[in-house]
Amino acid sequence: FTLLPMVIGYNVRLLPPGRVPRSWEDLLEPRFRGRIAYADPAVSGSSYTILRTIGGALSAGGERSREEAERAFAAALGGRLLGASTAVLPSVAAGENLVGVYYEEGAFELISLGSDLRIVYPEDGTSAVPDGIALARGARNADAAKRFIDFALGSDVAAVVAERFQRRSARSDCPQPPGKLPLSSIRL
């Protein structure tokens, strides 16, 4: 239905251009220790996905294992975890943290409201989580459900989702949400 890339958010008031992290690897630098907004992956599916994304990206070169990469990221957090993933980017926009990791959509929502938040698509690769839609086997109203799925996956709904909700459609024939890089230019 839609695709949600994981990004690094930062506050332009707190990080000048030369100090902005460009990769997951950059988050391991001592200057970010304890200043990364990240929700507890035991209670947040998006944080768990981000942890596995970081582990995969940081272990891709073979210099460390996925487990070592994830431990290095955990150490960079300095023992700080937020209780909900929805608090990550607002804490960065408010200046409580230098950076945060979350879905692209949440960042664009704050940016559209005029916050000082900006994002980076990590150079060392990221993931794009798919939102799904499905028909349950044995559904009582399967024909109506199929029609709804066709409607939800249609180009009209995809255009509304992109423009109004800043989400990327999984359809390749629909435009990207305004202001977003094409998915083809993001290293996944």
Side-chain angles (χ1 to χ4, degrees), residues 1-11 14-15 20-60 64-113 115-134 161-162 164-170 177 180-181 183 186-188:
F1 181 59
T2 64
L3 301 170
L4 303 165
M6 305 296 176
V7 299
I8 299 170
Y10 66 96
N11 187 311
L14 302 176
L15 289 176
V20 173
R22 297 286 172 209
S23 65
W24 301 119
E25 184 75 38
D26 289 351
L27 295 181
L28 305 182
E29 293 176 8
R31 65 191 172 105
F32 292 118
R33 184 176 173 80
R35 302 293 312 272
I36 302 169
Y38 179 73
D40 185 346
V43 298
S44 167
S46 59
S47 287
Y48 179 78
T49 300
I50 290 167
L51 179 64
R52 300 302 288 177
T53 298
I54 292 171
L58 297 181
S59 64
R64 59 173 80 103
S65 69
R66 176 185 290 270
E67 185 176 297
E68 290 168 331
E70 291 172 357
R71 268 197 242 120
F73 177 68
L77 296 173
R80 294 182 61 239
L81 294 173
L82 298 177
S85 57
T86 55
V88 169
L89 294 179
S91 78
V92 177
E96 297 165 7
N97 290 286
L98 289 178
V99 296
V101 291
Y102 193 57
Y103 293 129
E104 166 193 70
E105 172 208 6
F108 273 90
E109 184 177 318
L110 288 171
I111 292 167
S112 72
L113 296 173
S115 81
D116 292 317
L117 185 72
R118 299 297 179 269
I119 64 167
V120 170
Y121 299 96
E123 294 172 350
D124 43 5
T126 194
S127 61
V129 177
D131 277 331
I133 187 168
V161 166
R164 184 165 182 209
F165 300 106
Q166 297 294 308
R167 285 188 170 228
R168 295 173 183 272
S169 173
K180 291 188 179 178
L181 290 175
L183 196 59
I186 300 170
R187 182 175 176 196
L188 297 175

>> Show, in sequence, the C-alpha distance, side-chain angles and deciding distance for Arg168 and Ile186, and conclude whether the side-chain contact (heavy atoms from CB on, under 4.5 Å) test is met.
In response: CA-CA 13 Å; Arg168 295 173 183 272; Ile186 300 170; 3.6 Å; yes
>> For a side-chain contact (heavy atoms from CB on, under 4.5 Å) check, start with the C-alpha distance between Val161 and Ser169, then their side-chain angles and the critical distance, and finish with the verdict.
In response: CA-CA 7 Å; Val161 166; Ser169 173; 5.8 Å; no
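- Residues Ala37 and Leu82 approach most closely at CB-CD1, 4.0 Å, considering heavy atoms.
- Atom CG of Leu89 sits about 11.5 Å away from atom CD1 of Ile8, to the nearest 0.5 Å.
- The line from CZ of Phe1 to CD1 of Ile133 is 6.0 Å long, rounded to the nearest 0.5 Å.
- Heavy-atom minimum distance, Ala84 versus Ala39: C-CB, 3.6 Å.
- Between Asp26 and Val120 there is no side-chain heavy-atom pair separated by less than 4.5 Å.
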> Which is it for Leu15 and Phe32 under the side-chain contact (heavy atoms from CB on, under 4.5 Å) test, yes or no, and what are the steps along the way?
Replying inline: CA-CA 11 Å; Leu15 289 176; Phe32 292 118; 4.1 Å; yes
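- In this structure, Ser59 contributes its side chain and Gly55 its backbone to a donor-acceptor pair below 3.5 Å.
- In this structure, the separation between CG on Leu188 and CG on Leu183 is 5.0 Å, given to the nearest 0.5 Å.
- If you take OH on Tyr103 and OG1 on Thr49, they are separated by 5.0 Å, rounding to the nearest 0.5 Å.
- Between the Arg64 side chain and the Ala69 main chain, no donor and acceptor come within less than 3.5 Å of each other.
- Minimum heavy-atom separation, Ser46 to Met6: O-CE, 4.4 Å.
- Within a 6.0 Å radius of CD in Glu96, other residues, nucleotides and ligands contribute more than 12 heavy atoms.
- The closest side-chain heavy-atom distance from Asp40 to Ser47 is not below 4.5 Å.
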>> Applying side-chain contact (heavy atoms from CB on, under 4.5 Å) to Asp124 and Leu58, what does each step give before you reach the verdict?
In response: CA-CA 8 Å; Asp124 43 5; Leu58 297 181; 3.7 Å; yes
> Between Glu70 and Arg52, is a salt bridge (Lys or Arg N to Asp or Glu O under 4.0 Å) present by the stated rule, with each step listed?
Replying inline: CA-CA 8 Å; Glu70 291 172 357; Arg52 300 302 288 177; 3.1 Å; yes
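- In this structure, Tyr10 and Val99 approach most closely via the heavy-atom pair CB-CG1, 4.1 Å.
- Among all heavy-atom pairs drawn from Lys180 and Phe108, the shortest one is CE-CD1, 3.3 Å.
- Judged purely by atom type and a 3.5 angstrom limit, Ser44 has no side-chain atom pairing as donor or acceptor with the backbone of Pro41.
- Among all heavy-atom pairs drawn from Asn97 and Leu14, the shortest one is O-CD1, 4.0 Å.
- With rounding to the nearest 0.5 angstrom, the CG atom of Asn11 is 7.0 Å from the CG atom of Leu117.
- Rounding to the nearest 0.5 Å gives a distance of 11.5 Å between CG of Leu27 and OH of Tyr38.
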